[in-house]
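Working notes for the structure below.
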Amino acid sequence: MTLAWTQQTLPAPFDAERCKTGFERWLDLARKPVWESMAERFAQMAENPDQHQVLAALFGNSPYLTSLALRDPDMIAEAFDKGLDHAFDVALDDVKSAASAAGTDQPTAMMRVRRAKRRAALVIALADISKSWDLVQITAAISKTAETTLNYTLAHCLSATARQRNLAIPYPDDPLRECGIYAIGMGKLGANELNYSSDIDLIFLYDGEKIGWVDPDRMQQILVRMVRDVTRIMEERTGDGYVFRTDLRLRPDPASTPPILSALAAETYYETVGQNWERAAMIKARIVAGDYAAGQEFLKILRPFVWRKHLDFLAIQDIHSIKRQINALRGGSKVNVPGHNIKLGRGGIREIEFFAQTQQLIWGGREVSLRCRSTCDALRELCEFKQISDVVRDELLEAYEFLRNVEHRLQMTHDQQTQTLPETEEGLAALACFLGYDTSDGFKSDLMGYLRRVESHYAELFEEDSPLGGSEGSLVFTGTEDDPETIEQLRQMGFENASMISSTVRGWHHGRYRATRSRRAREILTELMPTLLKSLSETTNPDMAFRAFDEFLKGLPAGVQLFSLLTANPELLRLLAQIAGTAPRMAKYLGRNASVLDYVLMSGFNDELPDAQTMLNQLNEQLSQPGAEMVEQWLDIARQWANDQKFRIDVQTIHNRHTPHQAGRALADVADVAIRGLFPRIAKDFAQKHGGFDEGGLAVFALGKHGGQELSPGSDLDMVFVYDVPEGYDESDGEKPLSPGHYFIRLSQRYINALSAPTAEGVLFETDLRLRPSGSKGPLACHFNSFDAYQNNEAWTWEHMALTRLRPVYGPEKLQQKVMACTRTVLCKQRDPHKLLRDVYDMRNRMAASKGSDQAWDVKLRRGGLVDLEFIAQYLQLNHAHDHPEILSSTTRKVFKRLGKAGILPAEEAAWLANASSFWLALQAMIRLTTEGRFNPDNASTDLRRMLASAGQCEDFAELEQKLGDTADGVKQIYDRLITEPAEKLGPVQQPD
């Protein structure tokens with residue numbers, strides 16, 4: 001019997017020897033018991049001229065198809081005897097009904113789907129090489145094979161899961177019916193365009209409300225195991241072959257999500273962080289297995305995500321970026337026949353698909369007819385919609401059909417998932433023969449013509465776009481995989497861990513941080529990315545700068561406003577990159593307080609720092625603005641103002657635009673101004689309920705670095721509160737009166753909260769009141785008489801050392817003067833020099849034992865560091881102020897200058913100690929600005945080393961390290977001469993008998 005399809009023009013066998021061997025093995029089939037009954041039929045097929053030609057086309061061109069024909073020769077007979085359509089139906093008979101999978105054991109299920117795939121593949125190949133089916137029928141048949149076998153496999157796995165009593169399915173005899181679980185076919189499967197050896201791209205989802213959970217706590221675990229079983233059964237190779245390779249990487253955020261998601265989770269993802277490339281992928285989405293009705297409802301819900309009402313030209317850039325990513329992956333930037341990738345290379349299948357998909361995304365929101373899954377249908381509809389000409393449509397359709405046929409022949413030969421043309425002339429000749437060409441030259445000529453035409457049409461749509469990497473080359477972060485060209489570009493820019501950077505940026509685009517969850521934020525960030533990476537790469541440690549920027553981004557509450565600001569102001573982006581590269585502590589702060597970047601753009605940001613009175617006028621103006629009438633509003637205004645000022649000082653510090661003394665003084669001024677601006681308002685608000693006192697009041701004093709106007713970034717404010725009221729005032733005169741002690745203690749607490757309580761604008765300053773009389777056990781505020789009595793009669797030597805740095809900040813002028821006069825009297829007391837020396841010596845040794853450091857860069861606590869320097873200044877003041885009260889000052893540098901002037905220290909040594917104070921303060925400020933935790937010079941970037949050297953007034957880091965050691969040694973020698981050696985000569989205190 002002869003059918004018309006066997007008389008088609010078939011490809012000649014390229015390998016005559018292999019063809020001969022194939023026929024010998026074909027006739028040998030009759031000797032096998034299983035085929036004995038068909039021996040005569042096999043001989044007839046080999047002898048019939050038309051049927052012989054079909055077998056020769058298989059045997060002489062494709063080892064893979066030869067193996068299929070010899071394994072299932074009855075399918076060849078079925079096709080010859082009853083036709084290709086009938087044979088294809090027969091091939092899928094065993095798995096046509098998914099319901100029949102219920103109750104089957106796994107070996108049987110695996111054998112059935114493999115046998116069905118194998119037999120269907122053979123029939124489809126016969127239809128293809130004989131040109132009996134057109135391209136649409138071929139790809140639809142492959143897609144149907146995948147869909148049918150997948151449904152059977154899913155039904156088997158779902159039934160098995162239910163039998164294990166993990167799930168309760170509505171219809172055990174028909175597992176997929178209303179089961180609530182479904183698979184979305186993506187890419188070519190979704191479009192019914194599978195190629196001969198294609199993966200199947202799937203997204204598995206479930207509707208939790210439709211599934212009966214026997215064990216709800218293990219729901220996700222159960223479904224994940226089931227989906228893994230499905231994919232294993234589909235792709236595992238056994239003696240019966242395999243079915244289809246599966247790919248689940250097109251699901252939402254595959255790096256951080258399980259193989260199956262709830263429909264609600266997927267819907268939320270697409271609505272909030274879905275990207276343009278995912279919209280493009282969803283054009284072809286189709287339910288291919290499971291509960292089709294539930295799946296259709298999901299795709300209906302997703303329609304607004306894919307098809308936007310407004311023209312979406314931004315999609316072009318993203319879609320093109322995917323194409324360039326593929327070019328880089330496959331090396332397809334040039335058209336060259338040997339080794340060219342006909343799918344992903346220039347002029348290939350993917351360019352035709354993207355040509356259609358991009359315009360579908362742009363216009364499909366308005367024109368429903370463009371919402372078709374098939375590439376060819378989309379091209380026809382675009383022509384109807386007048387977006388492309390008849391010529392473009394026809395040329396792209398012809399090229400698409402030609403290239404898909406080439407793809408199929410490549411894959412039929414050895415069942416390889418390839419679209420790459422052979423590198424050798426012999427390989428090209430074999431492929432040309434399989435396609436029906438007499439010579440490879442004719443094939444090459446036709447192929448080049450199609451590739452050039454596709455490349456030309458694609459270029460008109462895309463090639464004028466500015467590259468995503470700007471002048472830096474390709475910087476593409478779409479999809480789910482690293483783009484090799486981007487990885488190489490990042491390495492050339494100076495990033496060492498390019499893969500980490502690529503993965504992190506993709507995470508930004510997946511909306512893993514709050515700042516990138518909105519579509520608009522991600523779009524702006526995409527535009528910003530080349531400039532951002534270039535700015536980060538220009539730091540001396542780009543990887544560290546990138547990690548710090550990532551921390552910054554992680555802390556941002558939102559992104560659109562900031563990203564827009566950075567886009568409009570590249571100099572701001574460069575500053576941010578510099579901060580990220582050299583000052584990760586500042587970058588982390590910026591992540592929580594990004595609004596300060598607005599302040600950078602204001603005129604005067606880089607000007608000389610204003611004085612305290614000017615700043616107080618500015619703050620009072622803001623605190624007095626209309627609508628600022630509540631305490632909470634005052635706190636936020638003060639915090640925003642102070643944070644702006646501190647950031648300005650910090651930026652000028654890292655740019656070395658002022659001396660450490662100027663910076664320390666400025667930071668202290670900011671603290672003073674915040675206190676002077678806020679506290680009167682806090683006191684007035686407090687008095688509305690509790691009244692006040694006609695005379696007296698509460699005064700605030702600074703101690704420590706705040707008192708010495710030597711604040712470093714992040715320093716606490718050491719404070720003391722002292723109040724005074726005349727005798728006879730037993731309580732305040734308000735609606736809810738309080739005794740003076742209670743009144744001022746509670747007001748002090750209000751003051752502390754005003755400084756340190758966190759609000760939406762952050763914390764103003766952390767406070768430390770442990771230096772108050774009686775320390776942490778004493779009241780927050782003490783009466784002047786108590787302060788006076790304590791300092792004169794009870795205070796320890798170390799408390800008087802701290803008192804050398806007392807400075808008034810706010811409160812009644814008369815009370816401030818009284819406290820400072822008392823302090824001066826205490827500091828100028830005649831002291832027992834031996835006791836003073838022993839006390840200072842012992843206290844420093846106790847501090848060294850409990851908090852000491854042997855780290856060279858611990859500039860505060862190391863021997864010869866800042867603490868030793870301050871102990872020298874404080875000891876000498878307490879020892880000599882009785883005779884030389886003019887040496888007293890709250891600022892250490894000034895103390896040394898005055899000690900030199902008074903002749904207590906040699907003038908040269910006093911000047912050296914003053915400079916040593918500046919040196920330590922400068923290093924401490926820069927280290928605190930730029931480093932979290934302990935500074936390690938081995939991990940410091942070149943930029944940071946340069947900044948530290950500049951802060952220390954050194955030519956380079958090596959000179960700075962030398963100066964570090966020399967300064968510590970010098971301070972230690974002076975400390976030992978003035979304190980250690982005399983104290984040790986005194987010996988221990990003699991205890992009375």
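What you see below is based on every heavy atom in this structure, not just the backbone, and it leaves out hydrogens, waters and symmetry mates.
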* Asked: Got a second to check how far F80's CZ is from M45's CE, nearest 0.5 Å?
  -> 6.5 Å
* Asked: Mind checking whether K188 and I142 have side chains closer than 4.5 Å, heavy atoms only?
  -> no
* OG/S159 to OH/Y171 distance, rounded to the nearest 0.5 angstrom? -> 16.0 Å
* Candidate pair F355 and E351, rule side-chain contact (heavy atoms from CB on, under 4.5 Å), full reasoning -> CA-CA 6 Å; F355 181 95; E351 287 191 352; over 6 Å; no
* Minimum side-chain heavy-atom gap L68-M75 below 4.5 Å -> no
* Distance (rounded to the nearest 0.5 Å) between E353 CD and L379 CG -> 10.0 Å
* Would you call R232-D229 a salt bridge at under 4.0 Å N-O? -> yes
* To do: Return the set of residues passing salt bridge (Lys or Arg N to Asp or Glu O under 4.0 Å) with R115 (not counting sequence neighbours), or none when no residue passes.
  => D94
* **side-chain contact (heavy atoms from CB on, under 4.5 Å) between L189 and L202, worked out** => CA-CA 9 Å; L189 174 59; L202 300 171; 3.7 Å; yes
* Is any side-chain heavy atom of C376 less than 4.5 Å from a side-chain heavy atom of S374? -> yes
* Structure fact -> Closest non-hydrogen contact found for R163 with T104 is NH2-O, 3.9 Å
* Asked: Given side chains that start at C-beta, do those of P259 and T231 come closer than 4.5 Å, heavy atoms only?
  -> no
* Asked: Short question: side chain of N61, backbone of A12 - any donor-acceptor pair under 3.5 Å?
  -> yes
* To do: Run the numbers on D415 and Y242 for side-chain contact (heavy atoms from CB on, under 4.5 Å), then give the verdict.
  => CA-CA 11 Å; D415 188 31; Y242 73 103; 3.2 Å; yes
* Evaluation steps, side-chain contact (heavy atoms from CB on, under 4.5 Å), between V113 and M234 -> CA-CA 8 Å; V113 289; M234 291 293 288; 5.5 Å; no
* State whether the side chain of Q164 and the backbone N or O of T161 hold a donor-acceptor pair below 3.5 Å, judged by distance alone. => no
* To do: Report the distance from atom CD1 of I184 to atom CG of L250, rounding to the nearest 0.5 Å.
  => 11.0 Å
* Asked: Under a 4.0 Å N-O cut-off, is there an ion pair linking K444 with E425?
  -> yes
* Does any N or O in the side chain of T153 come within less than 3.5 Å of the main-chain N or O of V230, such that one atom is a donor and the other an acceptor? -> no
* To do: Kindly state each residue pair satisfying side chain to side chain donor-acceptor pair (under 3.5 Å) with at least one member in residues 84-93, sequence neighbours excluded.
  => E78-H86, D85-W133, D93-K96
* Are the side chain of E193 and the backbone of A140 linked by a donor-acceptor contact shorter than 3.5 Å? -> no
* How close do P422 and L410 get, heavy atom to heavy atom, and via which atoms? -> CD-CD2, 4.0 Å
* Close side-chain approach of R114 to K117, heavy-atom, < 4.5 Å -> no
* Expected output: side-chain E235 to main-chain T246 donor-acceptor under 3.5 Å -> yes
* Asked: Going by distance alone, is a donor N or O of one side chain under 3.5 Å from an acceptor N or O of the other, for R286 and N192?
  -> yes
* Asked: Would you say the side-chain atoms of D128 pair up with the backbone N or O of I124, donor to acceptor, closer than 3.5 Å?
  -> no
* Asked: Does a donor on one side chain sit under 3.5 Å from an acceptor on the other, for S197 and R245?
  -> yes
* Structure fact -> When every non-hydrogen atom of R373 is compared with those of I283, the smallest separation belongs to CG-O, 3.5 Å
* State whether the side chain of T139 and the backbone N or O of V136 hold a donor-acceptor pair below 3.5 Å, judged by distance alone. => yes
* Using a strict cut-off of less than 4.0 Å between a Lys/Arg side-chain nitrogen and an Asp/Glu carboxylate oxygen, indicate whether K20 and E17 qualify as a salt bridge. => no
* Determine the minimum heavy-atom distance between A266 and L205, stating which atoms define it. => CB-CD2, 3.8 Å
* **With sequence neighbours excluded, residues passing side chain to side chain donor-acceptor pair (under 3.5 Å) with R228** => none
* Asked: Does some side-chain heavy atom of D247 sit less than 4.5 Å from a side-chain heavy atom of I200?
  -> no
* G180 backbone acceptor or donor facing D291 side chain under 3.5 Å -> yes
* **Spacing of D15 atom CG and S62 atom OG [to the nearest 0.5 Å]** => 12.0 Å
* **Check ion pair K144-E147 (N to O, under 4.0 angstrom)** => no
* Asked: Is there a donor-acceptor pair closer than 3.5 Å between any side-chain N or O of R251 and the backbone N or O of L248?
  -> yes
* Heavy-atom distance under 4.5 Å between the side chains of Q359 and F385, does that happen here? -> no
* Structure fact -> Heavy-atom nearest pair, V306 first then R279, reads O-NH2, 3.0 Å
* To do: Supply the atom-to-atom distance L135 CG to L403 CG, rounded to the nearest 0.5 angstrom.
  => 10.5 Å
* Structure fact -> So the ring pair (Phe, Tyr, Trp, His ring centres under 6.0 Å) pairs with at least one residue in residues 393-431 (sequence neighbours excluded) are F402-Y450
* Asked: So with a 6.0 Å cut-off around CD of E426, is the heavy-atom count from everything else above 12?
  -> no
Could you go through residues 427-441 and list every donor-acceptor pair under 3.5 Å that involves a side-chain atom there, pairing it with any protein atom two or more places apart or in another chain?
| from | atom 1 | to | atom 2 | distance (Å) |
| --- | --- | --- | --- | --- |
| Y437 | OH | D446 | OD2 | 2.6 |

* Report yes if some heavy atom in the side chain of V288 is under 4.5 Å from a heavy atom in the side chain of L150; otherwise report no. => yes
* Does a side-chain N-to-carboxylate-O contact under 4.0 Å join R404 and E401? -> no
* **Main-chain N/O of Q419 paired to E407 side chain as donor or acceptor, under 3.5 Å** => no
* Asked: Around E384, counting heavy atoms of other residues, nucleotides and ligands shown, do more than 12 lie under 6.0 Å from its CD?
  -> no
* Is the closest basic N to carboxylate O distance between D201 and K284 below 4.0 Å? -> no
* Restricting to pairs with a member in residues 56-77, which pass ring pair (Phe, Tyr, Trp, His ring centres under 6.0 Å), not counting sequence neighbours? -> F23-F59
* To do: Indicate the atoms forming the closest heavy-atom contact of G347 with L451, along with that distance.
  => O-CD2, 3.1 Å
* **Basic-acidic side-chain contact under 4.0 Å: R71, D240** => yes
